[in-house]
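Following: one structure in structure tokens, then a few remarks.
All values below were derived from every heavy atom in this structure, side-chain atoms included, with hydrogens, water molecules and symmetry-related copies excluded.
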Amino acid sequence: MSNESLAGDFILVGFSDQPQLEKILFVVVLISYLLTLVGNTAIILVSCLDPILHTPMYYFLSNLSFVHLCFTTSIVPQLLWNLHGPSKTISPIGCAIQLYVSLALGSTECVLLAVMAFDRYAAVCRPLHYARVMHSRLCQSLAGMAWLSGMGNTLIQGTITLWLPHCGKRRIYHFICEAPAMIKLACVDIHSNEVNLWLPWYFSSSLWIRSAQAWHKALGTCGSHLLVVSLFYGTITAVYIQPNSSYAHSQGKFITLLYTVLTPTLNPLIYTLRNKDVKGALKRLVRKHQSTESIRKSYDVK
């Protein structure tokens with residue numbers, strides 16, 4: 001980071017102009033965060049422990065759940081701290097870490113959702129060739145590509161953002177150190193930065209839309225997932241494609257809440273409440289645990 005960025009703490013203004021809203025948001029965000037932790041952890045454990053779920057779909061879903069766990073954990077604790085107490089500051093190092101981590105995980109999620117769209121396209125439109133096309137090595141390569149592309153995009157976008165001169169500006173009109181909010185602090189022309197910022201999101205969105213054109217054949221099973229994906233891409237596009245617009249400036253905080261808090265919460269709910277495979281796997285694990293406990297108790301009695 002530039003020496004100017006290290007001069008003092010940043011002030012995360014967030015929702016400090018609406019004290020009553022802060023109290024409501026604290027409760028809502030806390031509940032959503034707990035649901036996110038429990039739900040996504042359950043999906044990862046079930047996908048790993050149940051052999052029936054050792055398929056490409058649940059392999060990618062486990063990666064997505066892990067992204068959501070890390071993504072929310074990099075943002076929500078700081079948000080809860082700011083909502084609960086009078087202190088709204090964050091150190092330059094903490095701000096840089098939050099920027100890099102959230103940007104990396106957000107970029108990874110964009111590519112991962114496109115990969116999941118391709119997987120569903122292959123399953124629905126090429127069912128006879130699905131097992132041959134989506135073999136384990138390809139799945140690992142696609143997941144690795146999603147993670148590496150997210151890291152690579154972050155190294156570029158995050159470093160460029162942090163090197164922008166702020167001319168003494170320390171107030172971030174957001175609740176996290178997100179790239180669009182950080183760019184607004186710059187006192188130089190940021191047009192090229194805006195273009196560099198939205199290009200990766202536009203590219204990954206295009207990949208997803210091309211694959212999604214064939215998803216109309218599977219709306220019965222993928223409709224809810226399409227809704228969540230549309231919510232993620234729709235909200236993040238509104239913030240990242242036009243980061244300096246008046247709409248993104250005034251409503252960006254509320255839109256960001258949708259893809260940082262709401263979407264990670266909805267993901268496990270949809271894949272447990274509407275998915276027979278996951279519900280069946282959960283029931284089998286519970287029965288297995290109960291039988292193990294009963295055997296252990298019988299041995300203890302003896």
Side-chain angles (χ1 to χ4, degrees), residues 1-2 4-6 10 12 36 40 60 62-79 90-116 140-166 172 174-186 190-208 229 232-233 235-244 248 252 255-261 263-264 267:
M1 293 192 299
S2 61
E4 181 187 2
S5 297
L6 294 169
F10 289 104
L12 294 171
T36 299
N40 285 284
F60 295 131
S62 297
N63 277 266
L64 182 64
S65 293
F66 183 70
V67 168
H68 284 163
L69 284 175
C70 298
F71 188 48
T72 53
T73 301
S74 69
I75 293 172
V76 173
Q78 175 71 40
L79 172 59
I90 184 172
S91 67
I93 299 299
C95 188
I97 292 174
Q98 189 177 72
L99 173 67
Y100 275 114
V101 173
S102 61
L103 189 57
L105 295 170
S107 302
T108 301
E109 181 172 357
C110 280
V111 180
L112 193 58
L113 289 173
V115 169
M116 294 176 70
Q140 294 171 2
S141 299
L142 290 174
M145 178 193 69
W147 285 97
L148 289 176
S149 61
M151 301 299 177
N153 177 57
T154 298
L155 289 176
I156 297 172
Q157 302 296 340
T159 303
I160 292 175
T161 301
L162 289 175
W163 273 98
L164 288 172
H166 300 154
I172 302 175
H174 213 301
F175 58 84
I176 59 173
C177 293
E178 194 177 32
M182 297 293 291
I183 286 177
K184 292 188 183 76
L185 297 179
I190 59 173
H191 177 71
S192 60
N193 299 88
E194 292 178 354
V195 173
N196 291 331
L197 187 64
W198 66 257
L199 273 177
W201 307 104
Y202 176 80
F203 176 72
S204 58
S205 299
S206 300
L207 288 177
W208 179 81
V229 172
F232 176 79
Y233 275 116
T235 53
I236 206 168
T237 298
V239 174
Y240 275 80
I241 287 187
Q242 291 183 312
N244 211 32
I255 297 175
T256 303
L257 279 175
L258 295 179
Y259 64 80
T260 57
V261 178
T263 302
N267 176 55

How long is the gap from [atom1] on [X] to [atom2] on [Y], to the nearest 0.5 Å?
{"X": "L113", "Y": "T263", "atom1": "CG", "atom2": "OG1", "result": "9.5 Å"}
{"X": "T159", "Y": "L164", "atom1": "OG1", "atom2": "CG", "result": "11.0 Å"}
{"X": "M116", "Y": "L64", "atom1": "CE", "atom2": "CG", "result": "5.0 Å"}
{"X": "Q157", "Y": "I183", "atom1": "CD", "atom2": "CD1", "result": "7.5 Å"}
{"X": "L105", "Y": "L112", "atom1": "CG", "atom2": "CG", "result": "11.0 Å"}
{"X": "S107", "Y": "L148", "atom1": "OG", "atom2": "CG", "result": "12.5 Å"}

Can you give me the closest heavy-atom contact between [X] and [Y], atom names plus distance?
{"X": "V111", "Y": "S149", "value": "CG2-OG, 3.5 Å"}
{"X": "L69", "Y": "T73", "value": "O-OG1, 2.6 Å"}
{"X": "G158", "Y": "L103", "value": "N-CD2, 3.7 Å"}

Please enumerate all residues that pass side-chain contact (heavy atoms from CB on, under 4.5 Å) together with [X], with sequence neighbours excluded.
{"X": "T108", "answer": "V67, A146, W147"}
{"X": "L258", "answer": "L231, T235, L262"}
{"X": "I97", "answer": "I93, V101"}
{"X": "L99", "answer": "T161, L162, A179"}

Check whether any side-chain N or O of N40 sits under 3.5 Å from a backbone N or O of T36 as a donor-acceptor pair, and report yes or no.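 Yes; judged by distance alone, with no hydrogens or angles, the pair exists.
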
Can you name the residues that form a side-chain hydrogen bond (donor to acceptor under 3.5 Å, both in side chains) with [X], not counting sequence neighbours?
{"X": "S141", "value": "none"}
{"X": "S74", "value": "none"}
{"X": "T260", "value": "none"}
{"X": "S91", "value": "none"}

Excluding sequence neighbours, so at least two apart, what forms ring-ring contact (aromatic ring centres under 6.0 Å, His included) with F175?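 F175 satisfies ring-ring contact (aromatic ring centres under 6.0 Å, His included) with F15 once adjacent residues are dropped.
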
Partners meeting disulfide (SG to SG under 2.5 Å) with C95 (sequence neighbours left out):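 Here the qualifying residues are C177.
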
Within the 4.5 Å heavy-atom criterion, are F60 and V115 side-chain neighbours or not?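 Yes; the side chains approach each other to less than 4.5 Å.
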
In the structure I gave you, are the side-chain heavy atoms of L12 and I176 within less than 4.5 Å of one another anywhere?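 No - every pair of side-chain heavy atoms lies 4.5 Å or more apart.
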
Steps toward side-chain contact (heavy atoms from CB on, under 4.5 Å) verdict (I172, L185): CA-CA 7 Å; I172 302 175; L185 297 179; 3.7 Å; yes

Answer yes if the side chains of H174 and T256 hold a donor-acceptor pair under 3.5 Å, and no otherwise.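 There is such a pair (donor and acceptor under 3.5 Å, judged by atom type) between the side chains of H174 and T256.
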
